[in-house]
Amino acid sequence: MLVTGGGSMSKRPGWRRAAALLCLTLGSACAHYRVQAPGAAGVGATEPQGEVLWSLGWGLVQERPRVDNCEDQALAEVTQSTNVGFALISVLTLGLAMPQRVEWRCAKAQPTPGDLGVR
Amino acid sequence: MPPVIHESSQKRWQNWHQSYTQKLELLVDVWNANASQSTVPGYVDTTQGLQGLIQRALTGGLEIRGLGGGWSFTKAPATSGILVNTRPLNYLFPAPRTHPAYPRRREDLLFAQCGVSVAELNHFLKKIGKSLPTSGASNGQTIAGAIGTGTHGSSLEFGAMQDFVVGLHLVVSPDRHVWLERASAPVIHDEIPQNLGARLVRDDALFNAALVGLGGFGLVHGVLMEVEDLYYLQAYRRRMPLTEELWRAFDQLDFSGIALPGPPGVKPYHFQAVINPNDLDRGVYVTVMYKHAQRPEGSNPPSPGSKLTQGDSALEIVGVLTDLVSELTIPVLSRLMDRFYEEYDNISGTHGELFTDTTTRGKAWGSAVGVPLGRVRETVELALAVNRAFPFPGLFGLRYALPSRATLAFTSHAPMTCVLDIDGAASTRTKTYSRRVWQGISQAAIPHTFHWGKVHELDGPAVRGLYGTARVDAWRGARKALLTTPELLAAFSNDYLRGLDLA
Ligand SMILES: Cc1cc2nc3c(=O)[nH]c(=O)nc-3n(C[C@H](O)[C@H](O)[C@H](O)COP(=O)(O)OP(=O)(O)OC[C@H]3O[C@@H](n4cnc5c(N)ncnc54)[C@H](O)[C@@H]3O)c2cc1C
């Protein structure tokens with residue numbers, strides 16, 4: 001089975017993609033907030049996958065990330081980041097449009113042990 | 001069922017400590033089709049999935065490389081082609097049937113899929129009353145990634161992690177995968193590789209070379225390990241004055257002149273030191289651990305939730321501290337050490353409880369140079385002298401390992417390797433400082449080697465000079481024997497190997 005990850009911004013309208021790209025470029029200085037499950041549960045199986053999510057109309061429309069790469073496993077870690085570009089958009093639009101980047105790693109499966117065979 | 005291969009849209013990849021970014025063609029996460037149960041058919045299907053990825057690399061003229069935890073500071077796991085994240089591959093198969101000549105019990109063996117992390121190993125082994133003989137100070141590496149660069153701890157009775165590995169399942173081409181073990185010490189029952197569809201190859205030279213394979217021997221799909229009965233470590237940490245006697249302990253592991261904390265007259269199983277070169281007058285931190293079959297009476301369990309744990313070494317300390325402060329200066333480092341790296345007495349736990357999680361992602365920078373016993377004092381004094389002239393905000397760690405049989409292990413010195421870790425905040429000063437120490441070690445003609453997963457500045461001639469032409473040729477020869485075409489050799493190369501003239 002081959003599943004192509006819904007990578008960041010892939011299906012966004014042009015203006016939002018351009019704005020997000022601009023912000024990512026501007027946004028070298030980032031603030032991160034990371035929520036990580038404690039102990040072993042917080043060790044991710046996957047490499048981080050992320051999207052830029054927009055909150056529009058003062059929160060009336062809020063995008064949700066499409067998490068399609070976790071194979072029924074929980075999330076090990078979620079990181080939310082913002083940067084100068086994102087902050088600028090939020091301020092200039094008086095909060096009408098508020099982008100932020102969300103990244104996640106999926107948790108590992110916990111398979112039951114097996115038998116290599118040949119008793 | 002074929003494995004699930006998630007293709008990321010990311011065209012860049014960063015290692016754990018974000019010390020570099022690599023552009024790549026394709027990053028994939030590979031999951032077993034049935035992730036919840038370890039089965040032989042599932043494992044076999046995943047082997048085929050990995051072969052499909054190798055085929056894809058060959059067809060596209062791309063490099064391909066296995067990725068573990070991504071914890072290496074060097075570009076050992078980096079590739080411009082297809083990066084195969086193997087962390088989701090975590091099947092476990094305890095107690096496989098053994099070869100008639102194998103002298104130990106089959107219960108002492110565990111076969112793990114490549115992506116099983118050290119943390120998962122510790123957790124599972126404890127449940128079945130077993131333990132790893134050793135590991136690094138923390139546990140986020142995968143088993144394939146850890147051995148791939150020669151990860152070590154500081155056991156006085158054991159080598160590095162690759163030294164408990166007794167079999168490797170390597171996927172080397174779209175139509176060939178091999179079960180590799182030593183001819184001098186066969187372990188697995190012949191039928192098991194057959195069941196996996198793997199060609200059984202018993203060859204000491206090939207096995208020893210592939211152990212610390214730097215990702216260049218194909219995709220490691222499974223690792224057969226020899227484990228021990230569960231044991232407990234009784235641990236102590238003291239700040240001790242750097243006396244002549246302590247120097248002798250560091251230099252030769254001669255403990256006769258000093259009173260180590262813990263039961264008198266007993267040789268520790270684990271011994272390590274952390275030295276703050278800018279706060280020497282107040283002594284150095286010495287951690288000792290004694291091995292017991294049962295939890296020693298009257299000892300205390302490790303306290304959960306503390307920022308630093310009993311087994312942590314210099315790199316974990318620096319990682320935690322660089323998470324806490326934006327700039328790690330010399331006075332700040334000393335103050336934070338006082339606060340977070342505390343002395344303790346009589347704490348006991350299993351190996352996995354003492355060498356435990358590091359979730360830090362601070363901008364730390366780690367290097368490790370191996371020198372033989374007898375040259376340790378000279379090496380550390382040299383590093384201290386460089387620090388007097390050019391102080392850097394960082395720490396030294398001293399850890400020990402018995403010589404490895406792996407062809408390119410950096411813990412290869414006889415009678416034992418002492419690893420001098422130099423760990424600091426990632427800064428130009430730390431780099432310049434370390435470079436000066438390495439130059440000094442070289443000028444003093446101290447035999448030395450570098451950890452492949454930590455920062456170094458080796459090139460081809462330096463590798464040959466330090467590890468010896470015979471070892472380098474043996475390693476390269478084994479690679480050629482296993483990767484049978486120029487295309488496969490090219491596919492499993494990367495800039496890192498080329499820079500070392502190992503491709
Ligand atoms: C916080 C921290 C603490 C550390 N502590 C220690 C310590 O105590 N002792 C010590 O010796 N080192 C230590 N290191 C270094 C670390 O253990 C090594 O760099 C180790 O190789 C990292 O393992 P990994 O799983 O992250 O592998 P990676 O860094 O992902 O890969 C390492 C190598 O293995 C190869 N590889 C991985 N999986 C496969 C596979 N399935 N098939 C083929 N090749 C593969 C990669 O291509 C690469 O060449 C530490 C590093 C960090 C960041």
Side-chain angles (χ1 to χ4, degrees), chain A residues 1-12 17 24 28-52 66-74 76-77 79 81 101 103-119, chain B residues 1-10 13-14 27 29 31-40 42-43 67 69-70 83 85 87-97 110-111 113 115-117 119-120 122-124 128 139-140 188-192 194-196 304-305 356-357 359 361:
Chain A
M1 199 188 320
L2 196 79
V3 184
T4 304
S8 58
M9 303 174 276
S10 49
K11 290 174 197 146
R12 302 269 177 268
R17 191 189 306 186
L24 285 176
S28 52
C30 276
H32 299 290
Y33 301 94
R34 178 175 295 126
V35 181
Q36 186 171 13
V43 180
T46 55
E47 284 299 300
Q49 181 146 323
E51 289 187 38
V52 175
R66 286 183 303 272
V67 180
D68 59 2
N69 64 328
C70 284
E71 288 306 295
D72 295 336
Q73 305 307 318
E77 174 187 302
T79 307
S81 0
R101 183 168 173 81
E103 275 189 355
W104 61 91
R105 287 177 193 256
C106 311
K108 294 191 111 176
Q110 293 177 11
T112 51
D115 180 355
L116 264 193
V118 199
R119 277 282 124 210
Chain B
M1 280 240 288
V4 179
I5 298 176
H6 275 283
E7 296 188 17
S8 164
S9 56
Q10 252 173 261
W13 173 80
Q14 275 196 323
L27 169 63
D29 295 320
W31 295 80
N32 295 308
N34 176 358
S36 61
Q37 200 181 353
S38 312
T39 66
V40 170
Y43 182 92
L67 171 67
L83 187 61
N85 171 23
R87 282 198 304 283
L89 301 177
N90 60 349
Y91 280 176
L92 286 165
F93 299 93
R97 193 161 165 217
L110 173 66
F111 183 62
Q113 212 177 4
V116 175
S117 69
E120 288 173 289
N122 286 332
H123 183 72
F124 175 72
I128 60 168
N139 61 15
I188 204 75
H189 193 280
D190 288 9
E191 281 180 28
I192 287 182
Q194 258 172 41
N195 287 354
L196 300 180
T356 182
D357 310 325
T359 49
R361 236 157 292 179

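Both backbone and side-chain heavy atoms feed into the values below; hydrogens, waters and symmetry mates do not.
Only the side chain of B:Leu196 comes within contact range of chain A, judged by heavy atoms closer than 4.5 Å. With a 4.5 angstrom heavy-atom cutoff, B:Phe124 touches chain A only via side-chain atoms. Both the backbone and the side chain of B:Gln37 come within less than 4.5 Å of a heavy atom of chain A. For a residue to count as touching a neighbouring chain, one of its non-hydrogen atoms must lie under 4.5 Å from one of that chain's; by this rule B:Leu83 does not touch chain A. Using a 4.5 Å cut-off between heavy atoms, B:Thr39 makes no contact with chain A at all.
Nearest heavy-atom pair across A:Ala45 and B:Trp31 is CB-CH2, 4.0 Å. Between B:Gln14 and A:Glu47, the closest heavy-atom pair is O-OE1, 4.4 Å.
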- Query: Can you check side chain to side chain contact (heavy atoms under 4.5 Å, CB included) on A:Leu116 and B:Val40, steps first, answer last?
  - Reply: CA-CA 6 Å; A:Leu116 264 193; B:Val40 170; 4.2 Å; yes

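Side-chain atoms of A:Lys108 do not come within 3.5 Å of backbone N or O of B:Glu120 as any donor-acceptor pair.
For the pair A:Pro113/B:Phe111, no side-chain contact is recorded, criterion being any heavy-atom separation below 4.5 Å from C-beta on.
Residues satisfying the side chain to side chain contact (heavy atoms under 4.5 Å, CB included) criterion with A:Pro111, sequence neighbours excluded, are A:Ala109, B:Ser38, B:Asn90, B:Tyr91.
With rounding to the nearest 0.5 angstrom, the CG atom of B:Leu92 is 11.0 Å from the CD atom of A:Gln110.
A:Glu71 and B:His6 form a side-chain donor-acceptor contact under 3.5 Å, judged by distance and modelled atom types alone.
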